[in-house]
Structure formats: C-alpha cells, structure tokens
Amino acid sequence: MSSLLIEGGNRIDGEFAVQGAKNAVLPILAATVLNGGKNVVYNCPDLSDVSSTVEVLENLGCSVSRHGNILNVDSSGMNSYTIPETLMRKMRSSIIFLGAIIARYKRACVSMPGGCEIGLRPIDLHLKALKSLGIEISEAHGYINCVADKITGADIHLDFPSVGATENIMLAACMADGITTIENAAREPEIVDLQNFLNRMGAKISGGGGNVIRIEGVKKLYGVEHTIMPDRIVSGTYLVCAAATRGHLVLTNTDYTHMGAILNLLSDMGCRIYREKNRIAIACNQRTHAVPTIKTMPYPGFPTDIQSPFMSLAAISDGTSIFVENIFENRYQHVDELTRMGADIRIDGRCAVVIGTKSLTGANVVAKDLRGGAALVAAALAAEGNTTIENVHFIDRGYENIEKYLALCGANITRKE
Ligand code: EPZ
C-alpha cells in the first residue's frame, strides 16, 4: 500500500493539461461491447478504475491494448455475458456493463455490486427501468440474472436523476425495438459524452444533457473512434489546490462550460478565475473567505464529487460554511482526518459546519474514499509541516499520477511504495 508524503507551504504555480474524465470513460468502455467491432478511445486516463474496467472487458472475451492514453478495444471476440463477483467487488460501477451486455446478448449475469465507502449505492432504479424494457430480472445467490426474448422501447420516468441508471437505459435501449424515452434523466456532461459515442456508433439518441432523453432503437452498431471529454472533477480539485496554497494555476485541455457551479464557488470565495475555450486559470493571492451554504445537487448543481476538496478549502477560509451533502449518505469520512490536521468541523446528519481556521498542521492521515483522499491532499499542501496520507490506492482510482502533476507545479510531494 503506497502513501503520499507532503511538506505543506509551497504555492501551487504552473500549467498542465487535464486528464480525460473517469466518469465518461467507464460507461464508454462498457458501450464498446455493443458493436462487436474495433474501437479506439483517445484521452483515456491512466486510472485503476480504468484498469478494472479493462479487466471486465477481457473477462467478457474482448481484446484491449493501451498505447499511452489511447485504448484500443476489439469486442468482436466477446464470448461471455457474466461478470464474476471478484470483478464486481473490485469496482461496483461495473454495474454499468449490465445494459450493454443485455443489449448484445439478450442475457446477463452479474454479481450484485453492493455498497462502497460513500454509501449503500442501491440499483433499484436501474433494475426497475430495465424491467420496463421487457427484460426479466431475478436475483439469487448474490447474482442478478437478466434475460430478454427481445428488448422493447418504453417510456421511463426516473424517480431520481441517477447517472448510472440513465446510462444503463441508454445502453440497453439503443438496439431495442421501438423508441425509449427517459424522463428526469441525469444531465451530467458525461451523459452527453456517452450519447455522442453511441451516436457515432450508429445509435439514434437525442436530448442528452437535458432531462428528457429519446432513444430510437437501431439494428446494428459499428466500431468507432472517440476522444474522452476532460475530467471536470479533477480540474476542480486542482483549482482548489491552487486556491488553498494562494497560488496560480493554468489548466489546459479542459472545458469550463462543464464547471459553472465549481468556478462560481471559487470566485465567490475570492479567487480570480479566467476562462477561455479549453483553458481555465486561477489566481488566489489572499486567504479565501467562506461561503455560508454549500449544497450538493445533481448536475448542473454543485457536484457531490467535489464536496470534500472544497471542505478542505473551507477549513482554512475566513468565516463559517455549512455543507449539505444531498446525494450520498456517507460522504464525510474525510472530516475525522481533517480534524486531525486542526480543522474545526461539526457533523449533524447530512450537514457539516466548517469554522475556518487560520491554518492546518501536517499529520498522519488515512484516505477512506476517492474524493476524500483528494481532499486530504489539498489540505496537506496548505498545512504547516509534513503530512503522510495512507491508502493512496483510493486516490489512484480517479486521479492520474496526482503527485506528478502537483510536483510539476511546485508542491513538495512524493509517493512512498
Ligand atoms: C455516478 O455514480 C458517479 N460515478 C459518481 O462519481 C457520482 O458521485 C454520481 O454519479 C453522482 O453524480 C460514475 O459515474 C462511475 P447516481 P452513480 O446513480 O451513477 C441513489 C466519483 O467519485 N440511487 O446518480 O452511482 C444513490 O444511492 C463517483 O467519481 C438509488 O437510490 O450515482 C445516490 O444517493 C462517486 N437507486 C444517488 O441516487 C439507484 O438505482 C445518486 O446516484 C441508483 C442511485
């Protein structure tokens, strides 16, 4: 298990290109099983979650090769419709393969994904939607068995704009008989990237990014090439690191149009933000000030995935902020660790009251989930003294080479295997 050693106090000052989006590439890689052809995915980030997804693809009989940030996936050799428990437990978001496998094979058998560090992560909305497409689903011995004579388009209303459920419906319905509509669909930009990928394959999907998506089933889909969109959460995390150290950072190969809530909050906290086509710059040469309330919401609201990095920034801002985590029920695991560094945070249910202190002090801390681990990095960069962060494997799930990019910008950070 590797750890990160950080000596705080250096300003983040530099420029680099942002990685491709984890939450776009995972469903897009799942979608490659649909076309039984050769696919080329550009700007594919080097993440452990991507490696886990590649393992699932290879377990299904697909062949995958990586050349830098280019991934070649040939799904013509697919010879299985099962994802074993070991792989599902390795990465619960492999549930996104369900819709794609069923669309290709008319059957699927996957181990129940179970919960993770941030919550129970139920899939009731996924299963209810797939049933309305004519798919028979039975659950036994920890496995979900799906079978369908044929998949028939349907009008589906999601009780909650679930990202994964929206994606599973799009994947299952794109070769269905007839038309499927998704009402109250998730509006995240990653949904639009998936829609663009599927349409390039020959699907007929419209409305992505809005709350109604229309999918007209087609007979055949073809192998394609696609470039993954930039990661808006990773972009926002690095901007927070720059703000926390009163630094200056330029991000290229990014897309500010996906980041309204994030950039607005940074400027409300006193940072200067510059945005143009595919570049974002931040400058922050004084202590940030607290924003009274920060509530996580479905897109385009403030993203839950960046709640914890912003909490690290709030912990050293001038004033008090109240965070409300509306999406996941257990997404404050970083609070104990920030408290060890001197943060003054009180949790009450879904609320966390953060009373800004002048500074934090380095400590030995433990990452307990992906984004909470990133929050500890941001806090450590700003803290006085040295911090050791254990369980870096959580951070590696979503941040490519985090120590490399931060060291490029002046951070004193090294990884100890
Ligand atoms: C995706 O998870 C992302 N993961 C998450 O990012 C992100 O936090 C989340 O969307 C919200 O934006 C990937 O894209 C791989 P949801 P997903 O279904 O699809 C409840 C990260 O750090 N729900 O929109 O699982 C659920 O419990 C990860 O990169 C049901 O109740 O999120 C949660 O409270 C973390 N029943 C809420 O909806 C269901 O059937 C949002 O879940 C499905 C979801």
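Order of appearance sets the numbers: ligands from 1, and atoms from 1 within every ligand.
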Give the numbers and elements of all ligand 1 atoms closer than 4.0 Å to a heavy atom of Phe328.
8 (O), 33 (C)

Is a salt bridge present between Asp344 and Arg346, judged by a nitrogen-to-oxygen distance below 4.0 Å?
yes

Looking only at N/O atoms, are Leu125 and ligand 1 under 3.5 Å apart anywhere?
yes

Which atoms from ligand 1 have a heavy atom of Leu370 less than 4.0 Å away?
22 (O)

If we only count N/O pairs under 3.5 Å, is Ala165 in contact with ligand 1?
no

Pairing donors with acceptors under 3.5 angstrom, does anything connect the side chains of His334 and Asp369?
no

If the cut-off is 4.0 Å to any non-hydrogen atom of Thr304, which atoms of ligand 1 fall inside it?
8 (O)

Below 4.0 angstrom, N of the basic side chain to O of the carboxylate: do Arg415 and Glu403 qualify?
yes

Glu139 and Met112: CA distance, side-chain angles, deciding distance, side chain to side chain contact (heavy atoms under 4.5 Å, CB included) verdict:
CA-CA 8 Å; Glu139 298 171 55; Met112 288 180 187; 3.3 Å; yes

To the nearest 0.5 Å, what is the distance between NZ on Lys128 and NZ on Lys131?
10.5 Å

Nearest protein heavy-atom contact for atom 22 (O) of ligand 1: which residue, which atom, what distance?
Arg371 NE, 3.0 Å

Just which atoms of ligand 1 are under 4.0 Å from any heavy atom in Ile118?
35 (C)

Who's the nearest protein heavy-atom neighbour of atom 18 (O) of ligand 1, and how far?
Ser162 OG, 2.7 Å

Heavy atoms only, cut-off 4.0 Å: how does Asp124 contact ligand 1, side chain, backbone, both, or neither?
both

Distance only, no hydrogens: is a donor on one side chain within 3.5 Å (strictly under) of an acceptor on the other, for His126 and Asn168?
yes

Spatial distance of atom CE (Met78) from atom SG (Cys62) [nearest 0.5 Å]:
6.0 Å

Ranked by distance from atom 33 (C) of ligand 1, the top protein heavy atom is Ile327 O, 3.4 Å

When you measure from atom 20 (C) of ligand 1 to the protein, is at least one non-hydrogen atom found at a distance under 4.0 Å?
no

Closest approach of any protein heavy atom to atom 3 (C) of ligand 1, naming residue and atom:
Asn23 ND2, 3.6 Å

Considering only heavy atoms, does Arg331 approach ligand 1 within less than 4.0 Å through its side chain, its backbone, both, or neither?
side chain

Closest non-hydrogen protein atom to atom 43 (C) of ligand 1, residue and atom name please, with distance?
Pro122 O, 3.3 Å

Lys22 N/O under 3.5 Å from ligand 1 N/O
yes

When distances are taken from atom 24 (O) of ligand 1, the protein heavy atom at minimum range is Val163 N, 2.9 Å

Hey, can you tell me if Tyr405 and Tyr238 have their rings parallel, tilted or perpendicular (30° and 60° cut-offs)?
tilted

In the protein, which heavy atom is nearest to atom 25 (O) of ligand 1, and how far is it?
Arg121 NH2, 2.9 Å

The protein heavy atom nearest to atom 8 (O) of ligand 1 is Asp305 OD1, 2.5 Å

Check ligand 1 against Ile123 and write out every atom of the ligand that is under 4.0 Å from a heavy-atom position of the residue.
39 (C), 40 (O)

Quick one: do Lys22 and Glu400 make a salt bridge, cutoff under 4.0 Å?
no

Does Glu329, backbone or side chain, put an N or O under 3.5 Å from an N or O of ligand 1?
no

Is Leu127 near ligand 1, meaning one of its heavy atoms is under 4.0 Å from it?
no

So if I apply the side chain to side chain contact (heavy atoms under 4.5 Å, CB included) rule between Val18 and each of Thr252, Ile280, Thr254, which one comes out positive?
Thr254

If we ignore angles and hydrogens, is there a donor and acceptor under 3.5 Å between the side chains of Glu225 and Tyr42?
yes

Check: Thr304/Thr296 side-chain N/O donor and acceptor closer than 3.5 Å:
no

Salt-bridge criterion met for Glu190 and Arg232 (N-O under 4.0 Å):
yes

Taking 4.0 angstrom as the limit and counting only heavy atoms of Phe160, give me the atoms of ligand 1 inside it, by number and element.
37 (C), 38 (O), 41 (C)

Decide, yes or no, whether a salt bridge links Arg275 with Asp255 under the criterion of side-chain N to carboxylate O below 4.0 Å.
no

Could you tell me, atom by atom, which parts of ligand 1 come under 4.0 Å of a heavy atom of Gly164?
18 (O), 19 (O)

Under a 4.0 Å heavy-atom limit, does His126 contact ligand 1 with its side chain, its backbone, both, or neither?
both

